[in-house]
Amino acid sequence: MTATPQVLKIRRPDDWHIHLRDDHMLSTVLPFTSEVFGRAIVMPNLTPPVTTVADAIAYRDRIMAALPAGHNFTPLLTCYLTDSLDPEEIARGFGQGVFTAAKLYPANATTNSQHGVSDVKKIYPVLERMQKIGMPLLIHGEVTHNHVDIFDREARFIDEVMDPVRRQFPELKIVFEHITTKEAAQYVLSGNQYLGATITPQHLMFNRNHMLVGGVRPHLFCLPVLKRNIHQEALREVIASGADRFFLGTDSAPHTKGRKESSCGCAGCFNAPLALSAYATVFEELNALQHFEAFCSLNGPRFYGLPLNKDFIELSRIPVTQPEEIVLGHESIVPFLAGQTLAWKVTSY
Ligand SMILES: NC(=O)N[C@@H](CC(=O)O)C(=O)O
Ligand SMILES: [Zn+2]
Ligand SMILES: [Zn+2]
């Protein structure tokens, strides 16, 4: 029998899917990520969205200006795809190292996606170009038709959009973002080196019962919505197996407390504080700590074709409690797992 570890030393992790927002929200949420993570793929769904190289450079500058002294963090910017985006703009941004990837939001699928793509065929010229230059496509994979039940939208997306796109562009690198279903897990597993996926802490720790039984818990509401337990189990199984095209993407998506606890609450979990502790908890529950480092720090950069981070961090078996709220001016944000205590604390970074 192996002794229970007291310290987990891993190569510095990256977060391959995050929303950092802007203005005072940006300066409040950024330090939780930048103190631990080396890099993060920053989502472009601002208002207005990041759709040009100039927008991305300006946003990157705002992120760097908000970075606390001593944090060694690199934001990796993404371009928000619209029906009318010029392939030249995408290619120029990628060539200049401003855009690391481009993000496909089906129009009206999620927060700030109203400018998203109405029909994926409209962006085929962009995808053609991205395939050619080796630029990754990141996808929020849900169909948006009114007649498709919200719990079925991800699985339907695989047949209606994801698979046709992959057949049309077999060498386009695609990340199926924040997967939530066994169908998506199996689909990615059965794919090749051009297909990867991110998985969030909330989809590994919870299913829709946790959100809905005994009262609605708005702070667990995110998109794609939590599914039934068999899907949670499938996601847990896939990371426990050590499958190497699945990697850490928190989808940390802060909204103010008022906008979450509302008659029409926003989707998104603010999980940046204690994100790594949450993932470590899951890997330990699964007896899969041997795959923890790869999920956090190796699989992502390998998929993207980026170097691994050079330094290391440590988590120790020390209880750490999530605050109930994080102050944001005269408002607040309620973090994921508010008030709860986790067993693994990041102690050296
Ligand atoms: N995940 C969410 O529930 N919300 C994200 C958008 C997204 O990633 O779909 C947000 O920007 O708030
Ligand atoms: Zn999304
Ligand atoms: Zn997201």
Side-chain angles (χ1 to χ4, degrees), residues 14-23 25-26 28-30 33 37 40-50 59 75-81 100-117 120 136-144 150-151 153-154 156-158 161-162 174-181 184 196-206 208 211 216-227 235 247-262 264-272 275 300 328 333-336:
D14 304 298
D15 186 344
W16 299 97
H17 183 136
I18 196 165
H19 301 268
L20 293 176
R21 313 300 194 205
D22 221 333
D23 305 316
M25 181 75 99
L26 166 63
T28 301
V29 304
L30 173 64
T33 294
F37 292 90
I41 286 279
V42 181
M43 290 296 145
N45 61 334
L46 305 180
T47 29
V50 177
Y59 187 33
L76 305 175
L77 280 280
T78 55
C79 181
Y80 183 116
L81 296 173
T100 298
K103 180 71 191 268
L104 167 57
Y105 291 103
N108 304 315
T110 186
T111 309
N112 292 341
S113 62
Q114 60 274 28
H115 306 287
V117 174
V120 73
L137 173 68
L138 318 181
I139 303 185
H140 179 111
E142 287 191 287
V143 296
T144 55
I150 189 167
F151 291 101
R153 288 178 173 202
E154 182 175 283
R156 285 283 288 271
F157 186 87
I158 298 171
V161 184
M162 184 68 91
I174 296 179
V175 183
F176 199 159
E177 298 290 341
H178 49 40
I179 60 166
T180 65
T181 56
T198 52
I199 308 185
T200 77
Q202 58 270 20
H203 293 103
L204 291 168
M205 296 179 90
F206 299 110
R208 65 196 194 183
M211 180 173 63
V216 61
R217 293 178 189 72
H219 301 290
L220 283 183
F221 176 57
C222 65
L223 288 170
V225 70
L226 294 174
K227 304 298 191 298
L235 301 178
F247 38 89
L248 187 159
T250 60
D251 192 21
S252 183
H255 295 278
T256 58
K257 181 179 180 187
R259 291 177 59 112
K260 293 286 294 174
E261 299 178 6
S262 151
C264 184
C266 292
C269 298
F270 176 48
N271 60 25
L328 178 78
I333 318 172
V334 177
F336 178 61

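Both ligands and their constituent atoms are indexed starting at 1 by order of listing.
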For the pair F247 and W16, name the ring-plane relationship: parallel under 30°, tilted 30 to 60°, perpendicular over 60°.
perpendicular
Any donor and acceptor pair, going by atom type alone, linking the side chain of H203 with main-chain N or O of P224 inside 3.5 Å?
yes
Looking at side-chain heavy atoms only, is the closest gap between H17 and V175 below 4.5 Å?
no
For atom CZ of R208, is the number of surrounding heavy atoms from other residues, nucleotides or ligands below 6.0 Å larger than 12?
yes
Relative to the ring of F206, is the ring of F336 parallel (under 30°), tilted (30 to 60°) or perpendicular (over 60°)?
perpendicular
Show the short N or O contacts, below 3.5 Å, that ligand 1 makes with protein N or O atoms; if there are none, say 'none'.
| from | atom 1 | to | atom 2 | distance (Å) |
| --- | --- | --- | --- | --- |
| ligand 1 | 1 (N) | L223 | O | 3.0 |
| ligand 1 | 1 (N) | D251 | OD2 | 2.7 |
| ligand 1 | 3 (O) | L223 | N | 2.7 |
| ligand 1 | 3 (O) | A267 | O | 3.3 |
| ligand 1 | 3 (O) | G268 | N | 3.2 |
| ligand 1 | 4 (N) | A267 | O | 3.2 |
| ligand 1 | 8 (O) | H19 | NE2 | 3.0 |
| ligand 1 | 8 (O) | D251 | OD1 | 3.1 |
| ligand 1 | 9 (O) | T110 | OG1 | 2.7 |
| ligand 1 | 9 (O) | H140 | ND1 | 3.0 |
| ligand 1 | 11 (O) | H19 | ND1 | 3.3 |
| ligand 1 | 11 (O) | R21 | NH1 | 2.9 |
| ligand 1 | 11 (O) | R21 | NH2 | 3.4 |
| ligand 1 | 11 (O) | N45 | ND2 | 2.8 |
| ligand 1 | 12 (O) | R21 | NH2 | 2.8 |
| ligand 1 | 12 (O) | T111 | OG1 | 3.2 |
| ligand 1 | 12 (O) | H255 | NE2 | 2.9 |
| ligand 1 | 12 (O) | A267 | O | 3.2 |

Have a look around the Zn ion (ligand 2) and list protein N/O/S atoms under 2.8 Å, or say none.
H140 ND1, H178 NE2
Of D15, T33, T200, T198, which is the lone residue that meets side chain to side chain donor-acceptor pair (under 3.5 Å) with T250?
D15
Do H19 and L26 touch side chain to side chain, with heavy atoms closer than 4.5 Å?
no
Less than 4.5 Å apart, any side-chain heavy atom of H140 and any of P106?
yes
Does the side chain of K227 pick up a donor-acceptor pair with the side chain of T181 at under 3.5 Å?
no
